[in-house]
Structure formats: structure tokens, C-alpha cells
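The analysis underlying the following values was restricted to heavy atoms, covering all of them including side chains, and did not include hydrogens, waters or symmetry mates.
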Amino acid sequence: MRDKTQANSRAAETGPGDGLVKAGGIVFVVGAIATLVTMAPLFLHTDPFPPVAYAVCMLMGVGFLLAAAGVLRGIAVQRAAAAAQGRR
């Protein structure tokens with residue numbers, strides 16, 4: 001029973017890079033919604049949005065890069081911890 005509670009407490013912890021992954025996911029979703037909104041005039045046959053609206057679509061890429069940086073940070077910390085544990 002004790003190992004089950006320890007596993008649950010580990011799942012609740014946030015590791016290094018988790019904040020970047022969450023922020024990247026939010027920024028990506030904002031960019032995806034902006035992309036859908038800016039593509040709507042093509043299907044609705046209305047006037048297109050100004051160029052600034054298309055710049056907001058670039059948030060998809062920014063969000064992806066933020067999430068990737070968070071994953072890489074987590075990997076680096078885990079590797080460093082494994083290397084430090086292996087040296088003992």
C-alpha cells in the first residue's frame with residue numbers, strides 16, 4: 001500500500017520543464033484557434049482579416065517550441081540525476 005501512495009505523490013509533483021510544457025500547450029492552442037479564425041473568411045467568402053491576425057497564428061510555432069524546450073529541460077535534468085546516481 002505504501003508504494004501506491006508514493007507513486008501518487010510522485011505523479012502530483014511537477015518536474016523541471018513541466019511549466020514550460022503547460023505554457024507551450026496553452027500558447028499552441030491560442031495559435032490554433034487564431035489559425036481557425038483567420039481561415040474562416042476563406043470558407044465564408046468574406047473579407048480577410050488584417051495581417052496582424054495572421055501574425056497571431058505564429059503562436060502555434062512558439063507554443064511548440066516552448067513545449068519542446070520544456071521536454072528537453074526535463075530530459076537534461078533526468079540525465080544529470082541518473083549520472084549523479086551512477087557515480088555513487
Output, in order, the C-alpha distance, side-chain angles, deciding distance and verdict of side-chain contact (heavy atoms from CB on, under 4.5 Å) for F49 and V37.
-> CA-CA 9 Å; F49 288 104; V37 169; 4.0 Å; yes

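Separating the CD1 atom in I33 from the OG1 atom in T38 is a distance of 12.0 Å, to the nearest 0.5 Å. Expressed to the nearest 0.5 Å, how far CG of L59 lies from CZ of F64 amounts to 15.0 Å. How far CG of L20 is from CG of L72: 10.5 Å, rounded to the nearest 0.5 Å.
Annotation: side chain of T14 is in contact with side chain of K22 (closest heavy-atom distance under 4.5 Å). Residues Y54 and T35 have side chains not in contact (no heavy-atom distance under 4.5 Å, counting atoms from C-beta outward).
Across V27 and L66, no two heavy atoms sit closer than the pair CG2-CD1, 4.2 Å. Minimum heavy-atom separation, G17 to R73: N-NH1, 3.8 Å. Residues P48 and P41 share a closest heavy-atom pair of CA-CB, 4.1 Å.
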